[in-house]
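Next up is a structure, given as C-alpha cells.
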Amino acid sequence: MGCASSKRSKRTPGYEEPTVLAAETPFTVSEVEALYELYKKLSNAIIADGLIHKEEFQLALFRNRNRRNLFADRIFDLFDVKRNGVIEFGEFVRSLGVFHPNAPVADKIAFAFRLYDLRQTGFIEREELKEMVLALLHESDLVLSEDVVETIVDKTFTDADTKGDGKIDTEEWKEFVSKHPSLIKNMTLPYLKDITLAFPSFVVASEVEE
Amino acid sequence: VVPATMNAFELISTSQGLNLSSLFEK
C-alpha cells in the first residue's frame with residue numbers, strides 16, 4: 001500500500017484500511033478499494049472534503065441535491081453511525097455490507113426494522129407506519145382517501161402486531177418478514193456481488209491486485 | 001391504483017429513497 005494509502009488517510013477523516021474493512025464485511029480487499037473510488041466521487045460531488053453530506057447523498061440517489069425523502073433520510077441516518085452529520089468511508093462500507101447478497105438475512109431484517117423505527121423507540125408504531133405510507137403516497141403523487149389509507153395501515157399493523165400490544169417489536173418483525181420475504185428486497189444490491197466486474201472503471205483506479 | 005388489501009410495508013418498499021442501486025449507476 002505504501003505512501004498512497006497513508007497520504008489518503010491523512011486527508012480523509014474516517015478513512016479505514018481496505019484490509020480492515022474487508023475483514024469485517026462481505027467485501028474483498030479489492031472490492032473495498034473499488035468502493036473507495038465510488039466513495040471519492042460521491043463525497044466530493046458538492047463539498048470536496050472526502051465526506052458524504054446529506055445533499056451529496058440526495059444527489060447520488062435522485063440526481064437532485066435538494067430532493068428530500070423520508071426514507072433516504074433514514075438510510076443516511078443509519079449509515080451515519082457516529083451521528084456527526086456525514087457518512088465516512090468506514091461507515092459507508094460497513095453499512096453497504098448489509099446490502100451485500102452474501103450478508104446474513106438476519107442483518108438485513110434488523111437493518112430494515114431500524115429503518116422503519118422512525119423515532120428509534122425499539123418498536124415500529126402504528127403512527128410511524130401511517131407516516132411512512134403517507135410519505136410514499138406523496139413521493140409517488142398517489143392520492144388515496146383517508147379511509148383507504150387507514151384500512152391499509154390497520155390491516156398490515158394487525159397482521160404484524162401478533163401480540164396485540166399496539167407496537168411491532170423485533171420478534172414480531174422477524175416473523176412478519178418470514179411470511180413476506182419480499183419486504184426486504186431492497187436490502188440486497190446485486191451490484192455489490194463482484195462489484196469490480198459490475199464497474200470495471202472503478203477497478204482501473206484501485207490499487208490492490210487480488 | 002393501490003388496493004386496500006396491500007401490505008403497507010410492501011407499498012413503502014417501492015420508495016426511490018430505499019433503492020440504493022442508483023448509487024452505482026453511471
Side-chain angles (χ1 to χ4, degrees), chain A residues 38 42 57-58 60-63 67-76 92 95-96 99 112 115-116 124 129-130 132-133 135-137 139-140 142 144-145 147-157 159-160 173 176-177 180 182-187 189-192 195 198-199 201-202, chain B:
Chain A
L38 170 63
L42 302 182
F57 190 66
Q58 286 165 177
L61 275 189
F62 307 121
R63 304 295 179 268
R67 174 134 169 229
R68 296 306 306 275
N69 178 288
L70 170 66
F71 305 104
D73 285 354
R74 288 296 302 139
I75 293 257
F76 185 91
F92 182 69
S95 302
L96 274 179
F99 292 78
L115 200 57
Y116 296 144
I124 300 171
L129 181 55
K130 182 177 177 182
M132 290 188 282
V133 168
L136 184 281
L137 295 176
E139 169 189 335
S140 318
L142 281 170
L144 290 182
S145 69
D147 292 347
V148 171
V149 171
E150 291 294 336
T151 303
I152 289 173
V153 172
D154 275 343
K155 182 187 180 309
T156 299
F157 206 84
D159 288 351
W173 173 249
F176 192 63
V177 173
H180 307 278
S182 65
L183 294 188
I184 55 167
K185 63 178 181 286
N186 285 331
M187 296 302 306
L189 291 169
Y191 282 115
L192 295 179
I195 188 168
F199 293 91
S201 65
F202 289 162
Chain B
V1 173
V2 177
T5 55
M6 185 167 194
N7 184 313
F9 289 107
E10 201 75 65
L11 188 58
I12 288 163
S13 69
T14 64
S15 170
Q16 198 185 340
L18 293 174
N19 179 9
L20 296 190
S21 57
S22 48
L23 292 182
F24 300 89
E25 281 148 17
K26 289 273 176 183

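Note on naming: letters A, B, ... go to the chains in the order of the sequence lines (proteins, then strands), and numbering restarts at 1 for each one.
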Polar contact flag, side-chain donor to acceptor under 3.5 angstrom, B:Ser21-B:Asn19: yes
Region of A:Ile152 that comes under 4.5 Å of a non-hydrogen atom in chain B: both
Atom group of A:Ile184 that falls short of 4.5 Å from chain B, counting heavy atoms: neither
Flag for B:Ser13-A:Lys185: side-chain donor and acceptor within less than 3.5 Å: yes
A:Leu70, part contacting chain B, at a heavy-atom distance under 4.5 Å: neither
Side chain / backbone / both / neither for A:Ser140 at chain B, heavy atoms under 4.5 Å: neither
B:Phe24 vs A:Leu192, side chain to side chain contact (heavy atoms under 4.5 Å, CB included): CA-CA, chis, key distance, verdict: CA-CA 9 Å; B:Phe24 300 89; A:Leu192 295 179; 3.4 Å; yes
Segment of A:Leu129 engaging chain B (4.5 angstrom heavy-atom cut-off): both
Partners passing side chain to side chain contact (heavy atoms under 4.5 Å, CB included) against B:Ser15 (at least two apart in sequence or in another chain): A:Asn69, A:Phe71, A:Leu136, A:Glu139, B:Leu18
Most chain B-contacting option - heavy-atom pairs closer than 4.5 Å, from A:Phe99, A:Phe76, A:Phe57, A:Tyr116: A:Tyr116
Candidate pair A:Val177 and B:Phe9, rule side chain to side chain contact (heavy atoms under 4.5 Å, CB included), full reasoning: CA-CA 10 Å; A:Val177 173; B:Phe9 289 107; over 6 Å; no
Part of A:Phe176 lying under 4.5 Å from any heavy atom of chain B: side chain
Polar side chain donor-acceptor pair, B:Gln16 to A:Arg67, under 3.5 angstrom: yes
